[in-house]
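One structure is given below, encoded as structure tokens.
Keep in mind that this is a model prediction, so the values were computed, not measured.
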Amino acid sequence: QVQLVESGGGLVQAGGSLRLSCVVSGRAVSLDAIGWYRQAPGKPRELVATITSGITTAYTDSVKGRFTISRDNAKNTAYLQMDNLQPEDTAVYYCRLGLTATVWYNYWGQGTQVTVSS
């Protein structure tokens, strides 16, 4: 059974940083794409950052230059380094596995809450 567990969220002031982790069990992720999504209250879930098995990364415009996605296949873990956080980054953050950065499996974790105060 594939399980994804996100952690690292919390409350931070605007301009601060957080590092999210996504630990995957039940499946080796080295050939998978990994994505970080977020969902703010009353808004649809949006794709924030992706990293392919070939380490190609992509970001939604609103986080470019502030967020960095990375992966450690030996630890079956993905990370999202978030710097210069802003109140509009407040959301529950989720990770997801995919065949590619555009074809996603239906594996979701429980999410981790990120709250940025102004």
Side-chain angles (χ1 to χ4, degrees):
Q1 182 179 356
V2 178
Q3 290 188 319
L4 289 74
V5 179
E6 302 94 338
S7 63
L11 174 64
V12 64
Q13 289 187 331
S17 298
L18 286 172
R19 188 193 194 205
L20 306 184
S21 298
C22 169
V23 178
V24 181
S25 59
R27 178 185 178 91
V29 302
S30 59
L31 299 181
D32 290 334
I34 301 174
W36 281 97
Y37 288 70
R38 67 185 179 187
Q39 188 166 22
K43 294 187 177 181
R45 195 169 294 189
E46 68 167 335
L47 182 59
V48 173
T50 62
I51 184 167
T52 68
S53 59
I55 320 296
T56 299
T57 59
Y59 302 90
T60 193
D61 285 346
S62 62
V63 308
K64 283 181 181 176
R66 301 189 298 121
F67 290 12
T68 304
I69 188 171
S70 61
R71 62 192 296 161
D72 184 338
N73 291 336
K75 295 182 178 180
N76 242 30
T77 300
Y79 304 97
L80 186 67
Q81 176 67 41
M82 306 186 296
D83 297 318
N84 191 21
L85 283 160
Q86 300 300 313
E88 53 266 33
D89 296 317
T90 295
V92 179
Y93 284 72
Y94 303 86
C95 59
R96 191 177 189 185
L97 302 181
L99 177 66
T100 69
T102 56
V103 179
W104 298 99
Y105 302 127
N106 197 28
Y107 301 135
W108 292 96
Q110 83 291 343
T112 186
Q113 175 70 49
V114 172
T115 303
V116 185
S117 63
S118 57

To check you understand the geometry: which heavy-atom pair defines the closest contact between S17 and N84, and what is its length?
OG-N, 4.2 Å

From N76 CG over to S25 OG, what is the distance, rounded to the nearest 0.5 angstrom?
8.0 Å

Show your reasoning for whether side-chain contact (heavy atoms from CB on, under 4.5 Å) applies to V48 and Y37.
CA-CA 5 Å; V48 173; Y37 288 70; 5.7 Å; no

Exercise: identify the closest heavy-atom pair between A101 and A33:
N-CB, 3.7 Å

My understanding is that only residues two or more places apart in sequence, or in another chain, count here; which of them pass side chain to side chain contact (heavy atoms under 4.5 Å, CB included) with K64?
Y59, D61

What is the minimum heavy-atom distance between A91 and A40, and which atoms define it?
CB-N, 3.8 Å

Could you please spell out the steps behind the ring-ring contact (aromatic ring centres under 6.0 Å, His included) verdict for F67 and W36?
CA-CA 11 Å; F67 290 12; W36 281 97; 9.9 Å; no

Gap between atom CG of D89 and atom CG of D83 - 0.5 Å precision:
11.0 Å

Once salt bridge (charged side-chain N to carboxylate O under 4.0 Å, His left out) is applied, what residue pairs with a partner in residues 1-11 remain, sequence neighbours excluded?
none

Per the salt bridge (charged side-chain N to carboxylate O under 4.0 Å, His left out) rule, what does the pair list look like for residues 46-60, sequence neighbours excluded?
R38-E46

Residues in side chain to side chain contact (heavy atoms under 4.5 Å, CB included) with A58, at least two apart?
T50

Just checking, any donor-acceptor pair under 3.5 angstrom between side chains of D72 and T77?
no

In short, disulfide (SG to SG under 2.5 Å) pairs touching residues 14-118 with sequence neighbours left out are C22-C95

So Y107 and R96, do their side chains get closer than 4.5 Å, heavy atoms only?
no

Would you say the side chain of L80 lies within less than 4.5 Å of the side chain of T68, judging by non-hydrogen atoms?
no

If every non-hydrogen atom of G9 is compared with every non-hydrogen atom of T112, which pair is closest and at what distance?
N-OG1, 3.0 Å

Between V29 and R71, the two heavy atoms sitting closest are O-NH2, 2.5 Å

Distance-minimising heavy-atom pair for P87 and S118
CG-CB, 3.8 Å

Distance (rounded to the nearest 0.5 Å) between Q81 CD and I69 CD1
12.5 Å

Show me the pairs that pass salt bridge (charged side-chain N to carboxylate O under 4.0 Å, His left out) and involve residues 15-31, at least two apart or across chains.
R27-D32

Are V92 and Q110 close enough, and set up right, to give a side-chain contact (heavy atoms from CB on, under 4.5 Å), and what steps lead you there?
CA-CA 9 Å; V92 179; Q110 83 291 343; over 6 Å; no

Could you go through L97 and I34, starting from their C-alpha distance and side-chain angles, then the distance that decides it, and tell me whether this counts as side-chain contact (heavy atoms from CB on, under 4.5 Å)?
CA-CA 5 Å; L97 302 181; I34 301 174; 3.9 Å; yes

Donor-acceptor pair, S30 side chain versus N73 backbone, under 3.5 Å?
no

